[in-house]
Q: 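What follows is a structure written as structure tokens; I'll ask about it next.
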Amino acid sequence: MKKLLVLAWAGAALLSGGMLRAENILLSTRNSSLLLTAEKGKTPLFQYFGARVASPDDILASGAAFGDAAYPQFGAQCYREVAIQATHGDGSMSLELAVESVSRDRRDGSETTAIAMKDKHYPFFVTLFYKTYDDCEVIETWTEISHTEKKPVTLYRFASAYMPVRRGDTWLTHFHGTWGAECYLHEEPLTDGMKVLKNKDGVRNTQRDNPSLMISLDGRPRELTGRVIGGTLAWAGNYRIALDNDNTHTTHLFAGINEEQSQYTLQPREVFTTPVFAFTFSDEGKSGVSRNIHRWARLHRLNHGTELRDVLLNSWEGVYFKVNQEGMDRMMADLADLGGELFVMDDGWFGDKYPRNNGETSLGDWTVCREKLPQGIEGLTESARKHGVKFGIWIEPEMTNTRSELYEKHPDWVIQQPYRENRKGRGGTQQVLDLSNPAVQEFVFGVVDRLMTAHPDIAYIKWDDNMTLYNYGSTFLPADRQSHLYIEYHRGMDKVLRRIREKYPRLVMQSCASGGGRVNYGVLPYYDEFWTSDNTDALQRIYMQWGVSNFYPAVAMASHVSASPNHQTGRNVPLKLRFDVAMSGRLGLELQPSKMTGKEKEFARRAIANYKEIRPIVQQGDLYRLISPYDKTGYASLMYVAPEKDRAVWFVYKLEHFLNMPSPAFRMAGLDPGKRYRITELNVDGKPVPQDGKTFSGAFLMENGLEFTVGKEYASRVLELKAVE
């Protein structure tokens with residue numbers, strides 16, 4: 001097997017214990033290289049990141065090397081943006097970090113390079129880590145900070161990563177939105193000045209934006225061509241990604257935790273570890289960056305990332321809070337009849353003293369409401385077994401309501417400020433539990449542990465979070481560490497999720513937070529998928545899922561077929577479009593099957609059966625985005641190609657309809673030009689495309705494409721391609 005990772009050391013001398021003393025460190029994947037200079041006693045330098053190079057000499061002799069500090073610090077040079085800033089116990093605010101040693105650790109198909117630095121005066125230490133993998137194109141970087149000074153040190157800046165990028169005609173791709181319209185794509189040229197992408201929600205960090213970005217180096221961003229650098233911060237809390245564009249024609253990229261209101265008091269010998277920033281380079285456009293990130297995610301960052309996901313029915317839009325035993329049993333029977341595999345009972349199943357009939361009560365009281373479910377969860381799991389489907393359940397364990405037994409017993413457990421009346425969330429009563437508190441961590445773990453211990457047949461948990469972090473303050477943290485709350489909340493969350501994963505490794509969990517509020521790689525090591533948005537409107541989902549797909553793979557992107565008219569937008573769209581859009585992610589249903597017509601049920605059966613056939617390609621294949629909905633052509637098109645290039649699935653959606661509207665030639669990508677592919681249209685509703693059943697060479701499909709009429713308003717087509725001998 002060809003080794004993908006190359007670690008070259010120019011002028012290096014191998015010392016004992018895996019320690020290296022070197023000047024130039026070249027970390028290379030198959031298609032990219034990162035060059036650093038780490039000379040003992042001097043500050044380490046970031047020299048290059050981009051297309052793969054064979055030797056450090058080529059970069060250093062070309063004039064292309066940056067020669068910038070690999071981790072800029074506030075000190076003698078005060079006027080520039082910095083990655084780290086600290087105040088020592090004696091009041092000094094300066095740092096001067098120099099290389100002490102360089103080491104590498106190779107294990108399990110990866111290699112981690114550590115550059116250890118020490119301040120020239122203070123016993124203050126910073127180690128930069130860079131991790132490469134043999135099987136993917138992504139490099140991870142993070143930082144560890146510690147000291148042995150006599151007094152605590154206060155950290156005011158502590159970035160995960162710094163990277164200089166050469167400016168020319170460079171463009172930024174980033175993602176923003178709001179509830180029901182998450183992850184819309186935005187693109188703009190990088191001009192002089194500072195551009196900051198940040199989040200201060202406290203609990204959720206992707207409701208309004210996402211800690212991911214791409215920088216296109218060859219002008220306006222393109223999907224299939226051009227050099228692009230992409231990066232994403234694996235953190236679930238507040239973040240800050242700053243792009244400082246200076247007059248040296250350089251963009252200085254800083255990524256990490258948002259330090260606003262989060263200055264950190266670092267005790268002697270305590271180690272502060274920043275979140276991972278994962279980055280990659282591609283000369284195959286934005287889709288190339290996406291394929292690199294998706295592969296890394298499936299192999300190394302997403303729970304059960306290489307396994308196929310079930311087709312599920314979630315009860316929420318079907319019944320909302322009106323959960324009962326008979327209704328759940330009927331929905332399971334209908335799901336089985338349609339060919340589905342997993343039923344998920346959403347909100348409304350719990351509460352004893354305060355039955356959960358709306359969003360105003362009961363969070364924290366995770367006991368079955370016997371008025372609604374007299375047979376308890378046991379009755380539901382028995383129904384699931386009877387109908388041959390799996391059973392899943394909804395929880396929101398980080399939250400409580402002021403009308404709940406939990407709040408009555410533990411009012412001190414909620415995040416709150418002294419002398420202030422708490423602002424409340426959903427239903428006018430919702431509050432956030434303080435996960436910096438170990439007692440709260442134990443309670444939240446216990447919610448899952450008690451469910452799984454009593455009901456081991458539960459196969460799936462939908463974990464929700466419907467409130468931002470208001471009322472900043474902790475009754476647990478001491479007065480001099482109140483500024484740690486944003487960070488300690490997510491440390492506590494991480495501890496809980498880690499325990500759940502260790503005890504229940506096969507449990508499938510979905511990350512949901514008022515829809516798409518937790519679509520990030522900080523939590524995805526513990527979750528199998530995320531709820532993309534509470535908005536299930538197929539037309540708007542095309543735009544949101546397009547944005548999400550830039551950094552997150554289809555295997556993790558929950559996409560559900562819902563009722564028409566849609567419950568969020570009121571729009572009426574054909575069932576075919578609703579299925580065709582949902583089938584480009586992890587297919588599910590979000591409706592009441594008993595309200596479907598016989599014709600609709602028959603179409604759904606065929607579509608679900610089709611999805612099961614193409615599921616390995618969609619969920620594990622390589623994504624090629626072809627026609628962007630943001631380009632306003634009236635169409636959107638994308639496809640997934642199996643790694644062996646023997647199968648592919650192609651989607652096209654018509655976003656608007658006008659008389660005599662031109663239809664483009666639908667060119668494809670990612671195929672083997674030497675293979676011939678048979679075309680089969682899936683989910684046919686009417687006449688299939690004229691090319692159905694015919695074969696074409698991969699070269700023809702990519703260079704010339706197919707021409708046909710998609711249909712009228714909100715029309716769509718799905719084509720399966722299979723290589724033939």
Side-chain angles (χ1 to χ4, degrees), residues 32 46-51 63-72 74 77-83 85 157 159-178 183-200 205-206 208-233 238-256 258-260 277 279-290 293 543 546-547 550-551 625 628-632:
S32 66
F46 192 113
Q47 303 287 17
Y48 172 82
F49 177 65
F66 286 102
D68 282 359
Y71 200 63
F74 185 85
Q77 190 166 302
C78 310
Y79 67 94
R80 291 179 58 178
E81 191 75 9
V82 297
Q85 180 182 349
R157 282 287 172 89
S160 293
Y162 164 72
M163 179 189 300
V165 178
R166 190 76 65 207
R167 276 182 65 201
D169 188 7
T170 46
W171 284 61
L172 173 67
T173 300
H174 52 112
F175 310 91
H176 298 273
T178 187
C183 213
Y184 268 63
L185 180 146
H186 294 263
E187 296 184 317
E188 60 189 277
L190 279 171
T191 57
D192 289 345
M194 176 81 77
K195 179 74 176 182
V196 178
L197 312 175
K198 67 179 182 179
N199 177 273
K200 296 175 66 176
N205 70 1
T206 63
R208 298 176 181 86
D209 36 48
N210 196 280
S212 309
L213 79 163
M214 295 187 194
I215 300 176
S216 297
L217 306 178
D218 303 313
R220 185 177 291 275
R222 292 162 286 166
E223 284 290 356
L224 302 177
T225 60
R227 298 172 302 143
V228 184
I229 293 171
T232 185
L233 186 70
N238 295 357
Y239 72 84
R240 178 179 182 268
I241 300 175
L243 299 107
D244 187 9
N245 306 300
D246 67 18
N247 57 10
T248 66
H249 305 290
T250 302
T251 293
H252 302 275
L253 169 65
F254 299 85
N258 189 336
E259 303 98 341
E260 293 182 59
F277 181 71
F279 59 98
T280 190
F281 169 84
S282 175
D283 59 5
E284 297 180 346
K286 293 185 294 179
S287 286
V289 164
S290 298
I293 294 288
Y543 292 86
W546 190 276
N550 278 265
F551 280 88
R625 290 184 299 269
S628 172
Y630 294 92
D631 288 344
K632 302 185 185 303

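Note that the numbering runs from 1 along the sequence shown for the chain. What you see below is based on every heavy atom in this structure, not just the backbone, and it leaves out hydrogens, waters and symmetry mates.
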Q: Got a sec, which residues hit salt bridge (charged side-chain N to carboxylate O under 4.0 Å, His left out) with Asp218, two or more places apart in sequence or on another chain?
A: Arg227
Q: Looking at every non-hydrogen atom in both residues, tell me the closest pair between Ser32 and Phe281 and how far apart they are.
A: CB-CB, 4.0 Å
Q: Nearest 0.5 angstrom please: Phe66 CZ to Thr250 OG1, how far?
A: 5.5 Å
Q: Can you list everything that forms a side-chain contact (heavy atoms from CB on, under 4.5 Å) with Arg208? Sequence neighbours excluded, please.
A: Asp201
Q: Starting at CD1 of Ile229, measure out to CG of Leu253 and round the result to the nearest 0.5 Å.
A: 8.5 Å
Q: Which residues pass the side-chain contact (heavy atoms from CB on, under 4.5 Å) test with Ser282, not counting sequence neighbours?
A: Glu284, Val289, Asn292
Q: Mind checking what makes ring pair (Phe, Tyr, Trp, His ring centres under 6.0 Å) contact with Tyr239, not counting sequence neighbours?
A: none
Q: List in chain and number order the residues that pass side chain to side chain donor-acceptor pair (under 3.5 Å) with Trp171, two or more places apart in sequence or in another chain; answer none if no residue qualifies.
A: Asp169
Q: Would you give the length of the straight line joining atom CZ of Phe74 to atom CZ of Arg157, rounded to the nearest 0.5 angstrom?
A: 10.5 Å
Q: Over 60° means perpendicular and under 30° means parallel, so tell me whether Tyr184 and Tyr543 are parallel, tilted or perpendicular.
A: parallel
Q: What residues, two or more places apart in sequence or in another chain, satisfy ring pair (Phe, Tyr, Trp, His ring centres under 6.0 Å) together with Phe254?
A: Tyr162
Q: What are the two closest heavy atoms between Gly231 and Phe551, and how far apart are they?
A: O-CE2, 3.5 Å
Q: Please work out whether the ring planes of His174 and His176 are parallel, tilted or perpendicular, with thresholds of 30° and 60°.
A: perpendicular
Q: Could you state the interatomic distance from SG (Cys183) to CG (Asp209), rounded to the nearest 0.5 Å?
A: 9.5 Å
Q: State which residues pass side-chain contact (heavy atoms from CB on, under 4.5 Å) with Asp631; sequence neighbours excluded, sorted by chain then number.
A: Ser628, Thr633
Q: Please identify each residue that fulfils side-chain contact (heavy atoms from CB on, under 4.5 Å) with Thr251, with sequence neighbours left out.
A: Val165, Arg167, Leu190, Leu243, Asn245
Q: Ser212 and Ile241: which non-hydrogen atoms are nearest, and at how many Å?
A: N-CD1, 4.2 Å
Q: For Phe46, check ring pair (Phe, Tyr, Trp, His ring centres under 6.0 Å) against everything at least two apart and list the hits.
A: none
Q: Which residues satisfy the salt bridge (charged side-chain N to carboxylate O under 4.0 Å, His left out) test with Glu223, sequence neighbours excluded?
A: Lys286, Arg625
Q: side-chain contact (heavy atoms from CB on, under 4.5 Å) with Met214: which of Thr232, Thr173, Ile293?
A: Thr173
Q: Do you know the tightest heavy-atom contact between Leu233 and Ser160?
A: CD1-OG, 3.8 Å
Q: Would you name the heavy atoms of Met194 and Val196 that are closest together and state the gap between them?
A: CG-CG2, 3.5 Å
Q: Can you see which heavy atom on Asn199 is nearest to which on Asn258, and at what distance?
A: O-ND2, 3.4 Å
Q: Excluding sequence neighbours, so at least two apart, what forms salt bridge (charged side-chain N to carboxylate O under 4.0 Å, His left out) with Glu188?
A: Lys195
Q: Would you please name every residue forming a salt bridge (charged side-chain N to carboxylate O under 4.0 Å, His left out) with Asp68, sequence neighbours left out?
A: Arg80
Q: Measure the CD-CZ distance between Glu260 and Arg240 for me, rounded to the nearest 0.5 Å.
A: 7.5 Å
